[in-house]
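The next block holds one structure in the form of structure tokens; read it before the comments.
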Amino acid sequence: MHDLHTTVAAWYARHARDLPWRRPGTTPWGVLVSEVMSQQTPVARVAPVWEQWMERWPRPADLAAASPADVLRAWHGLGYPRRALRLRECAAAVAGRFAGEVPEGEEELRSLPGVGDYTAAAVASFAHGRRALVLDTNVRRVLTRVSEGRALPPPALTVAERAHAAGLLPADPALAVRWNEGVMELGALVCTARSPRCPQCPLADRCRWRLAGSPPDADAPRRRTQAWHGTDRQARGRVMARLRALPDGASLAEEELLAGLTAADPQQPQRALAGLLADGLVGQPAPGRYALPS
DNA sequence: GAGACGTGGGG
DNA sequence: TCCCCAAGTCT
């Protein structure tokens, strides 16, 4: 029976995925880009996009100089395209306010567009080797199971969770980094949300949830199932797909752009377009014409 | 704090 | 086919 941290670190050393941004030579900016791309998006889908992205725009200044249209097209498949625009703004902020160097402190990191608590901690820890509390959904799930004996963490991060996780974070920065990446990876590969691979888990012998027989979600209020069909979000996605597919320099009139998007609510397509315009995801190269923002 | 915000793959 | 999601952030 090994110490918790040693056990996780040993498991990570043996089972960590060979993700492109974990390879030697990856810059702090590359790590930041990987974290933003991975927000709510499966890592397997991020990897190939990240490689092309970093080859095309290796430094913050390169991305800041790119057109929103190119950035949005390169983002294809990752979802939540507003993240792409924010990442470009983030690049401009790093290039400008921070002389092209990704800041090391969580406070400064959080001041960047698209960087919240999780991403700031992840970049501080994984890119700079700092001691930071990385609390993503994977870590929360692992700790909830091992320590609380429950199947899933509450919908929103609680102060109790934060305190518990903080107490587990090693004091030594290098050990803290290993712990962070180890627990995250364990949650991503073994202690998964749907079908956890408990027989392969290095913590199975001390997991309260496992020891209790892996009881299904007690009564914890689950997040409401994500609304989708017939939503504005779906309509927005369709509009963006059409614009991304347009040849460079081409544009569409509103009727062409929204044709066939009729929904239960006849106002929806236009509402979606208005929202995209407001978000800067759609541009108007000429009056009444629409395209990706230049 | 609740709700908005995409996409494509797996079970 | 249909449902459920996957390294959150912003308002």
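Lettering follows sequence order; numbering is per chain, from 1.
Using a 4.0 Å heavy-atom distance criterion, A:W21 is classed as a base contact. Among the protein residues, A:R110 comes within range of no part of the nucleic acid, since none of its heavy atoms lies under 4.0 Å from any strand. Using a 4.0 Å heavy-atom criterion, one finds that A:D117 contacts the sugar-phosphate atoms exclusively. Within 4.0 Å (heavy atoms only), A:G79 reaches at least one base atom of the nucleic acid. At a threshold of 4.0 angstrom between heavy atoms, the contacts of A:L19 include nucleobase atoms, whether or not backbone atoms are also involved.
Contact check of residues 48-61 of chain A against DNA chain C (heavy atom, cut-off under 4.0 Å) returns no residues at all. A heavy atom lying under 4.0 Å from DNA chain B marks the following residues of residues 28-46 of chain A, by number: A:Q40, A:T41, A:R45. Within residues 124-139 of chain A, no residue places a heavy atom under 4.0 Å from DNA chain B. A heavy atom lying under 4.0 Å from DNA chain C marks the following residues of residues 179-201 of chain A, by number: A:M184, A:A193, A:R194.
Listed by first and then second residue, the side-chain hydrogen bond (donor to acceptor under 3.5 Å, both in side chains) pairs that reach into residues 274-283 of chain A are A:R236-A:D279, sequence neighbours excluded. For residues 90-134 of chain A, there are no ring-ring contact (aromatic ring centres under 6.0 Å, His included) pairs, not counting sequence neighbours. Counting only residues at least two apart or on different chains, no ring-ring contact (aromatic ring centres under 6.0 Å, His included) pair has a member in residues 233-260 of chain A. For residues 45-71 of chain A, every residue pair satisfying the ring-ring contact (aromatic ring centres under 6.0 Å, His included) rule, not counting sequence neighbours, is listed here: A:W21-A:W50, A:W53-A:W57, A:W53-A:W75. Among pairs with a residue in residues 283-294 of chain A, those fulfilling side-chain hydrogen bond (donor to acceptor under 3.5 Å, both in side chains) read A:S251-A:R289, at least two apart in sequence or across chains.
Distance CG/A:L169 to CG/A:N180: 5.5 Å, rounded to 0.5 Å. Atom-to-atom distance recorded for A:R197:CZ and A:L186:CG is 11.0 Å, nearest 0.5 angstrom.
A salt bridge does not link A:E89 to A:R86: none of the charged nitrogens lies less than 4.0 Å from a carboxylate oxygen. A salt bridge does not link A:R131 with A:D172: every distance from a Lys NZ or Arg NE/NH1/NH2 to an Asp or Glu carboxylate oxygen is 4.0 Å or more.
The interatomic distance linking A:R242 (CZ) with B:dG6 (P) rounds to 16 Å, in whole Å. When rounded to the nearest whole Å, the span between OH of A:Y80 and P of B:dG3 equals 15 Å. Atom-to-atom, CZ of A:R88 to P of C:dT9 comes out at 21 Å; the value is rounded to the nearest Å. Atom CG of A:D217 and atom P of C:dC5 are 10 Å apart (whole Å). A:L85 places its CG atom 11 Å from the P atom of B:dG6, with the value rounded to the nearest Å. The distance from atom CE of A:M240 to atom P of B:dT7 is 8 Å, rounded to the nearest whole Å. For A:R244 and B:dG6, the CZ to C1' distance is 8 Å, given to the nearest whole Å. The distance between atom CG of A:L78 and atom P of B:dG6, rounded to the nearest whole Å, is 13 Å.
No side-chain heavy atom of A:Q39 sits under 4.5 Å from any side-chain heavy atom of A:E35. No side-chain heavy atom of A:V102 sits under 4.5 Å from any side-chain heavy atom of A:V31.
You'll find that the side chain of A:R141 is closest to C:dA7, out of C:dC10, C:dA7, B:dG6.
Spacing between B:dG6 and C:dT11 at atom P, rounded to whole Å, works out to 14 Å. Atom P of B:dG11 sits at a distance of 15 Å from the matching atom of C:dA7, rounded to the whole Å.
When the options A:R141, A:R140, A:R150 are evaluated for a salt bridge (Lys or Arg N to Asp or Glu O under 4.0 Å) with A:E161, the one that passes is A:R140.
Regarding contacts with the backbone of B:dG6, every side-chain N or O of A:H76 stays at 4.0 angstrom or more from both OP1 and OP2.
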Under 3.5 Å, which donor-acceptor pairs link side chains of residues 253-261 of chain A to any protein atom two or more places apart or in another chain?
unit_1 : atom_1 : unit_2 : atom_2 : d
A:E256 : OE1    : A:A253 : N      : 2.7

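A:H15 meets the ring-ring contact (aromatic ring centres under 6.0 Å, His included) test with A:W11; sequence neighbours excluded. A:W179 is linked by a ring-ring contact (aromatic ring centres under 6.0 Å, His included) to A:H5, counting only residues two or more places apart in sequence or in another chain.
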